Every structure is written in C-alpha cells, then in structure tokens.
Amino acid sequence: MVLLFLIGFLAQVSPLVLFFVFFKRINKIVELRVIFLYVLASLIFDFLLGAFKSHSSLIISISAMVEFAFFSAFFYLVILSKKFKPSIIIISGLALCAEIILLYFDKENFDFWVALITAIIIVTYSISYFYEQLNSPETLIIYQSYTFWIVVGCIIYLSGTLFLFLYTSDLKNKESSPWWVINISFEIVKNVFFSIAFIIARKIKQKQEERTFVDSF
Amino acid sequence: MIFLQINSGSNVPMVLFFGTIAMLALTIGLIVFIIFHQRKVIRFQMQLQKLEYDQQKMLLNASIKLQEEERQRIAADLHDDAGPLLATARLYLNENLVNLDRQTQLQSIYNAKQIIDDTIQLIRNISHSLMPPTLKNFGLESAVNDLFQKISSSGSMNASSRFHDYRERMQPENELIIFRVIQELINNILKHSNASFIHLTQNTNNNKFFIRLHHDGRGLTQADFEKLNKSSVGLGLKNIQSRLRVLHGKIFFEKDISQTYFKVTIELIKESSVSQ
C-alpha cells in the first residue's frame with residue numbers, strides 16, 4: 001500500500017516536473033496549462049487531505065468539483081465546434097451550480113451525484129471530441145495528438161472510479177478503505193497519460209520550430 | 001484485499017468491483033475502436049489516393065503517347081508527301097537549267113508550279129488538321145458545323161448539328177479542347193459504331209453547358225467507358241478524359257431509354273460561372 005502511494009505520488013508529480021522541464025516549448029499551450037493547474041490542484045488537495053483528516057469528506061467533495069471544472073475548461077479549449085462550445089459553458093455551469101447546491105443540502109449523497117454528473121458530462125464531451133477528431137481532415141493519426149492522451153487519461157480515470165464514487169457513501173473511512181486502491185491506481189494511470197501528453201506536445205512543438213524559418217529579405 | 005472484500009457478503013463491493021471492470025472495459029473498447037476505425041479510414045483514403053494517382057499517371061501517359069503519335073504523323077506527312085514533292089519540283093527546275101529548249105523549259109516550270117501548288121495544299125491540310133481555321137476565326141459552332149458537313153458530304157453517314165444557345169464564344173483554347181473531344185468522339189463513332197447517323201446538340205442549363213451526341217450504331221455505356229479508361233487500351237478515351245479534366249468537365253455514355261440510340265453527353269461549367 002505504501003509502495004502504491006509512493007508510485008501514486010511520483011506519477012502525480014511527473015506531469016508537473018515535465019511541464020517545468022519543457023516549459024519553454026509548451027508553456028504557451030493553454031490546454032496544457034489547464035492540465036498543469038489541475039494536477040497542481042490535485043496535489044494540493046491530497047496534501048490537505050493528509051493534513052485535515054477530520055474534514056476529508058469535504059475536501060474530497062470540493063476536489064471533485066474543482067476536477068470537474070478543470071476538465072470542463074480543458075474540453076472547452078480542445079473542442080473546436082463553435083456550436084458545441086457555448087453548450088459546454090452552459091452544461092458545465094449548470095452542473096457546477098447543481099453540485100454546490102447539493103454540497104449544501106445533501107452532503108450524504110453528494111459524492112454519488114458528483115461522480116454521476118461528472119462521468120456523464122465528461123464522457124459526453126470526450127465522445128464529442130473523438131467524433132470531431134475523426135471527422136477532421138487535419139487529424140492524421142489521432143494518437144499523435146497530445147490532447148488525445150489527456151482525453152484518454154480523463155475518461156479512463158472517470159470510468160474507472162465511477163463506481164467507487166457511486167458507492168463511496170456505503171464505504172466506511174473512504175480514504176483508508178482497501179477500495180481506495182482503485183482511486184490511486186486510476187490516478188496513476190491518468191497522470192501517466194498526462195505525462196505522455198506533455199512529452200508528445202514537446203515533440204510536436206520541436207518539429208514545428210524546426211520547420212519554421214525566417215526569410216532574409 | 002479487494003477479493004476478500006468481494007467475498008465478505010455485502011452486495012456493494014461486488015457491484016463496485018464488476019462495475020469498475022465493466023466501465024473500464026467499455027472505455028478501453030471505445031478507445032481501441034476509435035484508433036482502429038481511424039487507421040481503417042486512413043488506409044482506405046490511402047488506397048483511394050493511390051488509385052487516383054494511378055489514373056492520373058495513365059491519363060498523362062496517354063496524352064504524352066497521343067502527342068508523340070501526332071508528331072510522328074506530322075513528321076510522316078512532311079517526310080513522305082512534302083519532301084518528295086519538293087524534291088521533284090527541284091528536279092524540274094534543275095532540268096530547266098540544263099535543258100535550254102524553251103518548250104521543255106516552260107513545261108518543266110509548269111510541272112514545278114503544279115507540284116509547288118500541291119505542296120502548299122498539303123501543308124495547308126497539315127496546318128488545318130493542327131488548328132482548324134474555321135474554329136480559330138468563327139468559333140466552335142461553325143467548326144463543328146463544318147466538320148459535320150464534311151462527314152455528311154462524304155455520303156457514308158448522315159451528320160447534323162445544332163447549337164441552341166451559343167451566343168458568346170468561349171476562350172479559344174477551351175473551344176479547341178471541346179472541338180478535339182468532339183473530333184475524337186466522331187472518329188470513334190466512324191471507326192467502331194457502324195452508325196447511319198450522328199446528331200449533335202448544344203444547350204445550356206443554369207450554369208452548365210451541354211453537348212450531346214446521338215448515334216444509332218454500336219456505342220459505349222458508362223461502365224464500358226470506365227472499364228476502358230482503367231485498362232491500358234482506349235487511348236482516345238483517356239485523351240478525352242484528360243482534356244475534359246482541364247475544363248473540369250464530365251462525360252457520360254449511355255443508351256437511350258428507347259434502346260435504339262447511344263448518347264454521349266459532355267457537361268461543362270459555363271465560363272462566366274467559373275470566372276465568378
């Protein structure tokens with residue numbers, strides 16, 4: 001378990017380290033900045049979770065909402081359809097409002113609803129993203145795009161942890177439950193995919209820089 | 001530890017375990033499907049591109065081959081006809097220098113003049129076959145009418161043409177392309193169809209320009225045309241295709257509903273619409 005936590009921590013730190021290592025090349029990519037901020041926020045929440053164990057439920061709930069907000073922002077940036085972009089703002093805005101209301105009125109079932117809402121909405125966004133990419137003439141090979149790896153990381157993490165969060169209210173001592181291994185494992189997978197995305201983004205930027213030249217007129 | 005929980009009696013861990021597995025399988029399935037689907041689409045697109053490239057190569061080869069054949073024909077005409085004629089004329093003139101008898105001199109000058117006239121006519125014919133003067137001076141309608149009149153007057157076939165809407169002439173180079181296509185089609189009909197009549201009509205509809213040929217002989221259908229176009233034979237048809245490609249035009253070969261005539265329709269976009 002300790003080893004898993006250690007791997008989890010390393011996996012969580014790796015996208016941050018990679019972002020700083022490739023900072024010059026990838027810091028202008030807004031989507032990656034969003035993911036960097038999301039990973040940073042997750043790390044902060046994990047520290048808070050360790051520091052304030054008595055408020056763990058509240059911290060997990062808030063972190064779930066922040067996670068949803070970051071994922072929505074990411075999909076807002078990567079989905080190019082002008083028709084779909086306003087829908088992302090409206091749907092995610094309404095979902096966030098609903099989650100805040102639920103946090104205030106129904107703390108017992110909050111995790112269930114947040115997990116359900118997040119999973120449904122983000123999976124819908126992911127499918128829209130895949131559909132758009134498959135129909136885009138600019139997409140040559142989908143897995144050569146860094147956004148693809150981030151989206152894959154998001155949906156694998158959300159689908160893998162969906163049932164855990166749906167039944168979280170039935171589990172005693174959430175973060176100490178053996179079932180929490182699922183969450184850590186999928187967080188590792190997600191962070192590995194994010195790290196791959198950062199590496200691919202750097203390679204793409206490098207190729208673009210090699211192709212550009214200045215006319216000496 | 002997880003397996004111990006599964007067997008612990010409560011229903012929740014069971015659902016949690018299998019639910020997670022199912023969701024994960026679904027997600028991975030979706031991602032794998034997307035990747036494979038995209039690869040399949042890419043492979044299909046590459047095959048299409050290759051086919052198009054092969055077709056283009058074939059058309060280009062056909063047009064080069066045709067150009068070479070045309071050059072050979074002109075070279076043969078000049079070498080076999082104009083060359084001997086001019087050589088004979090030279091002989092007559094030489095004889096004129098040697099032979100001082102006035103009567104013989106006049107006769108040889110007359111013969112040389114006759115030969116030079118024949119040569120001029122021959123060169124004019126070659127020149128006309130390269131660029132019909134009627135087409136250059138009076139346009140497509142006159143050139144086609146002229147061509148059809150010549151066919152009709154040969155007595156082998158009844159040929160007629162009618163232009164319904166050709167008030168403004170096209171660009172000369174476009175007129176030449178269309179004329180060459182019509183010439184090639186007529187050649188094919190004369191050579192292969194055994195038809196007793198050909199009728200050509202021209203019309204326009206919206207921004208389209210149509211030329212339609214009817215004949216009652218043996219003809220081609222669109223399937224035959226496409227088949228010949230893909231094979232190594234049918235050089236003339238490939239030439240038609242490559243010429244029409246320059247004008248972004250299309251050609252359709254079909255049998256009339258009455259099953260008695262064959263129709264060949266050339267469809268082009270009107271020049272005014274292209275420039276817009």
Side-chain angles (χ1 to χ4, degrees), chain A residues 1 4 112 115-116 119-120 122-124 126-145 148-172 174 176-186 189-190 193, chain B residues 1-60 241 245-246 248-250 269 273-274 276:
Chain A
M1 195 72 170
L4 195 68
F112 173 87
L116 198 64
I120 291 171
I122 300 298
V123 168
T124 310
S126 306
I127 290 168
S128 309
Y129 164 82
F130 287 135
Y131 179 76
E132 199 177 77
Q133 289 293 308
L134 286 179
N135 287 309
S136 164
E138 286 172 22
T139 314
L140 279 178
I141 298 167
I142 198 165
Y143 52 79
Q144 279 182 354
S145 147
F148 169 81
W149 292 96
I150 296 172
V151 175
V152 168
C154 288
I155 55 167
I156 287 186
Y157 169 67
L158 287 173
S159 57
T161 55
L162 174 67
F163 274 79
L164 177 74
F165 286 111
L166 289 183
Y167 288 98
T168 195
S169 51
D170 296 318
L171 304 169
K172 285 163 196 164
K174 289 174 197 173
S176 60
S177 156
W179 290 100
W180 208 243
V181 170
I182 295 174
N183 186 46
I184 299 165
S185 309
F186 284 108
V189 173
K190 174 190 74 181
F193 281 129
Chain B
M1 213 156 16
I2 288 170
F3 289 99
L4 283 175
Q5 288 263 330
I6 292 169
N7 299 324
S8 66
S10 165
N11 221 9
V12 174
M14 196 78 144
V15 177
L16 209 164
F17 180 77
F18 288 110
T20 303
I21 296 284
M23 282 301 290
L24 195 63
L26 267 174
T27 312
I28 292 170
L30 175 75
I31 294 161
V32 170
F33 167 76
I34 286 163
I35 291 171
F36 277 91
H37 174 75
Q38 207 216 11
R39 287 174 83 151
K40 206 171 146 186
V41 169
I42 290 169
R43 218 175 295 146
F44 179 69
Q45 280 174 343
M46 279 168 80
Q47 273 174 349
L48 268 183
Q49 269 182 351
K50 197 182 169 293
L51 273 176
E52 205 169 316
Y53 171 76
D54 289 346
Q55 178 95 356
Q56 291 231 345
K57 205 174 149 187
M58 214 183 255
L59 285 175
L60 189 68
Q241 180 86 329
R245 198 166 272 194
V246 177
H248 303 287
K250 290 173 190 164
I269 298 163
S273 342
V274 173
Q276 274 166 19

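Here is the naming used below: chain letters follow the sequence lines, and residue numbers restart at 1 for every chain. If you're wondering where the values come from, they're calculated on a predicted model, not measured in any experiment.
- With contacts defined as side-chain heavy-atom distances shorter than 4.5 Å, the pair A:I182/B:F17 does not qualify.
- With a 4.5 angstrom heavy-atom cutoff, A:I156 touches chain B via backbone and side-chain atoms both.
- For the atom pair B:L30 CG and A:I127 CD1, the distance stands at 5.5 Å (nearest 0.5 Å).
- Inter-residue side-chain proximity for A:Y143 and B:R39 is flagged as met; some heavy-atom pair is nearer than 4.5 Å.
- With a 4.5 angstrom heavy-atom cutoff, B:I31 touches chain A only via side-chain atoms.
- Contacts between A:Y131 and chain B at a heavy-atom distance below 4.5 Å are absent for every atom of the residue.
- Here the shortest heavy-atom pairing between B:I35 and A:I142 reads CG1-CG2, 4.3 Å.
- Scanning all heavy atoms of the two residues, the minimum distance from A:G160 to B:T20 falls at O-CG2, 3.0 Å.
- A 6.0 Å sphere centred on CZ of B:R245 holds more than 12 heavy atoms belonging to other residues, nucleotides or ligands.
- With rounding to the nearest 0.5 Å, the separation of OG in A:S159 from CG in B:L24 is 5.5 Å.
- For the atom pair CE (B:M23) and CG (A:L166), the distance works out to 8.5 Å, reported to the nearest 0.5 Å.
- Residue B:I21: no heavy atom, backbone or side chain, is found under 4.5 Å from chain A.
- Heavy-atom pairs under 4.5 Å with chain B were tallied for A:L162, A:V151, A:I141; the largest tally goes to A:I141.
- Among B:V41, B:I28, B:T27, the residue with the largest count of heavy-atom pairs under 4.5 Å with chain A is B:T27.
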